[in-house]
K.L.:
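My questions will all concern the structure given below.
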Amino acid sequence: SYTNATKNNISESDVYSIFVHKATSNSYFLDNTLVTGRDAIRIKVNSNNNTFINNSVSDHTDYGLYSTDSDSNSYTNNTFDNNSINVLLSASLTNTFTNNSIFGSAVGMQVKSSSTSLTLINNTINSTSLPSLEINDSNSVTLSDNRLYNDVRFDNTNSVTFNKNNTIQTNLNITNSDIITLSDNN
């Protein structure tokens, strides 16, 4: 099934501002404003090939975006601000984040549990505590032209490529990870 949600203002939801139910695919979520609630965008099992563009997500007590077992979703020009955890991917394959601003939370972006083939291009990720970006137990991560603040951590993450022009403020921590490629970064 598919869903298109465009230009909605959703505030003070009691659980989910947008709930992408199991097996929702090929849907578009454009120009939505999601303010205050528990989870802003919750994506459940086998919700694949969905597109999220120009959404503003702020002030949620748990997650700005929480995706489980959902693949090939793209996130472009979104703002995730002041959610407890701005972005969490778990067992979600081949996701792409381009031109997003992720800031003002305790955790910027956390990726875990075989969320393989992740691509991050031209994002700003900054959290109020450490780390801003944490990737665990996931492989084939590619980063290009990102600004990453307050530590970046890779644990048990193989085949990580920092293509070009990534700026990492503070520390890059790599643990139990093989095949890390760094080229033309700051």
Side-chain angles (χ1 to χ4, degrees), residues 1-125 127 132-143 156-157:
S1 71
Y2 71 93
T3 301
N4 292 322
T6 303
K7 296 184 179 180
N8 295 291
N9 290 307
I10 301 171
S11 63
E12 299 186 28
S13 60
D14 56 347
V15 181
Y16 307 116
S17 296
I18 293 178
F19 181 67
V20 182
H21 199 271
K22 197 174 359 175
T24 299
S25 295
N26 303 309
S27 298
Y28 290 87
F29 301 88
L30 310 169
D31 299 316
N32 297 291
T33 301
L34 312 175
V35 180
T36 312
R38 195 178 92 196
D39 291 0
I41 302 170
R42 180 67 169 98
I43 305 171
K44 293 286 269 200
V45 178
N46 292 323
S47 291
N48 305 323
N49 300 305
N50 297 297
T51 302
F52 297 82
I53 300 174
N54 291 333
N55 297 290
S56 177
V57 178
S58 62
D59 300 316
H60 290 79
T61 57
D62 288 346
Y63 303 100
L65 166 65
Y66 183 10
S67 173
T68 52
D69 300 297
S70 295
D71 305 334
S72 301
N73 293 310
S74 68
Y75 307 89
T76 304
N77 295 329
N78 299 291
T79 300
F80 296 92
D81 176 26
N82 200 36
N83 304 288
S84 289
I85 296 176
N86 272 323
V87 176
L88 175 63
L89 302 180
S90 179
S92 294
L93 308 174
T94 319
N95 284 277
T96 301
F97 287 78
T98 306
N99 297 327
N100 297 286
S101 295
I102 302 170
F103 60 95
S105 67
V107 177
M109 183 174 196
Q110 186 177 50
V111 180
K112 62 183 186 175
S113 303
S114 298
S115 291
T116 298
S117 297
L118 173 67
T119 302
L120 302 175
I121 302 169
N122 199 35
N123 299 287
T124 299
I125 304 175
S127 65
S132 283
L133 174 61
E134 181 176 17
I135 301 178
N136 300 313
D137 304 312
S138 300
N139 297 320
S140 298
V141 178
T142 302
L143 299 96
N156 198 31
T157 300

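Not measured: the values here are computed from a predicted model. The analysis underlying the following values was restricted to heavy atoms, covering all of them including side chains, and did not include hydrogens, waters or symmetry mates.
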K.L.:
If we only count heavy atoms from C-beta on, is the L120 to L133 side-chain gap below 4.5 Å?
P.N.:
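Touching, per the 4.5 Å side-chain cut-off.
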K.L.:
Search all heavy atoms of A40 against all heavy atoms of G64 and return the closest pair with its distance.
P.N.:
CB-O, 3.1 Å
K.L.:
Show me the donor-acceptor pairs within less than 3.5 Å that the side chains of residues 18-25 make with the rest of the protein, sequence neighbours left out.
P.N.:
unit_1 : atom_1 : unit_2 : atom_2 : d
T24    : OG1    : H21    : O      : 2.8
S25    : OG     : N48    : N      : 3.3
S25    : OG     : N48    : O      : 3.2

K.L.:
Once rounded to the nearest 0.5 Å, what's the spacing between atom CD1 of I125 and atom CZ of F103?
P.N.:
12.5 Å
K.L.:
So, do S58 and V35 sit near enough that their side-chain heavy atoms are less than 4.5 Å apart?
P.N.:
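In short, these two side chains touch, coming nearer than 4.5 Å.
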K.L.:
Does N32 offer a backbone N or O that forms a donor-acceptor pair with the side chain of N8 under 3.5 Å?
P.N.:
no
K.L.:
In Å and rounded to the nearest 0.5 Å, what is the CD1 to OG1 distance from I85 to T61?
P.N.:
11.0 Å
K.L.:
What distance do I43 atom CD1 and L65 atom CG have between them, rounded to the nearest 0.5 Å?
P.N.:
5.0 Å
K.L.:
Can you tell me how far CG of N54 sits from CZ of F29, rounded to the nearest 0.5 angstrom?
P.N.:
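Reported value, rounded in 0.5 Å steps: 14.5 Å.
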K.L.:
Looking at N136, L89, I135, which one forms a side chain to side chain contact (heavy atoms under 4.5 Å, CB included) with S115?
P.N.:
L89
K.L.:
Using only atom types and a distance under 3.5 Å, with no angle test, would you say the side chain of S13 pairs donor to acceptor with the backbone of S11?
P.N.:
no
K.L.:
Are side-chain heavy atoms of S127 and V107 found at a separation under 4.5 Å?
P.N.:
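A side-chain contact is absent here, since even the closest heavy-atom pair is not under 4.5 Å.
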K.L.:
Where the side chain of S140 meets the backbone of S117, is there a donor-acceptor pair that is under 3.5 Å apart?
P.N.:
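Side chain of S140 to backbone of S117, a donor-acceptor pair under 3.5 Å: no, none is there.
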K.L.:
Looking at CD1 of I53 and OG of S74, how far apart are the two atoms once the value is rounded to the nearest 0.5 Å?
P.N.:
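With rounding to 0.5 Å, CD1 (I53) is 6.0 Å from OG (S74).
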K.L.:
Report yes if some heavy atom in the side chain of F97 is under 4.5 Å from a heavy atom in the side chain of N78; otherwise report no.
P.N.:
no
K.L.:
Does the side chain of R42 come under 3.5 Å of the side chain of S17 through a donor N or O and an acceptor N or O?
P.N.:
no
K.L.:
Provide the closest heavy-atom pair for N139 versus N156 in the form atom of the first, atom of the second, distance.
P.N.:
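Scanning both residues, the minimum pair turns out to be OD1-O, 4.3 Å.
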K.L.:
Can D31 and K7 be counted as an ion pair, charged N to O under 4.0 angstrom?
P.N.:
no
K.L.:
Could you tell me which non-hydrogen atom of I102 sits nearest to which non-hydrogen atom of G108, and how far apart they are?
P.N.:
CG2-O, 3.3 Å
K.L.:
Is any side-chain heavy atom of M109 less than 4.5 Å from a side-chain heavy atom of N123?
P.N.:
no
K.L.:
Would you compute the distance between atom CG of N122 and atom OG1 of T124 and round it to the nearest 0.5 angstrom?
P.N.:
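Here the interatomic distance stands at 7.0 Å.
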K.L.:
I need the minimum non-hydrogen distance between N100 and Y75, along with the two atoms involved.
P.N.:
ND2-O, 2.9 Å
K.L.:
Please check: side-chain N/O of N50 versus main-chain N/O of N73, any donor-acceptor pairing under 3.5 Å?
P.N.:
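No; zero donor-acceptor contacts below 3.5 Å.
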K.L.:
Per the side chain to side chain donor-acceptor pair (under 3.5 Å) rule, what does the pair list look like for residues 83-95, sequence neighbours excluded?
P.N.:
H60-N83, S67-S92, N83-N86, N86-S105
K.L.:
Taking the side chain as every heavy atom from C-beta outward, state whether N55 and F80 have any pair of such atoms under 4.5 Å apart.
P.N.:
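No; the side chains remain at least 4.5 Å from each other.
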K.L.:
Looking at Y63, I'd like to know if the NZ or CZ of R38 sits under 6.0 Å from its six-membered ring centre while staying within 45 degrees of the ring's axis.
P.N.:
no
K.L.:
Could you report the tightest heavy-atom contact between L93 and D71, atom names first, then the distance?
P.N.:
N-OD1, 2.8 Å
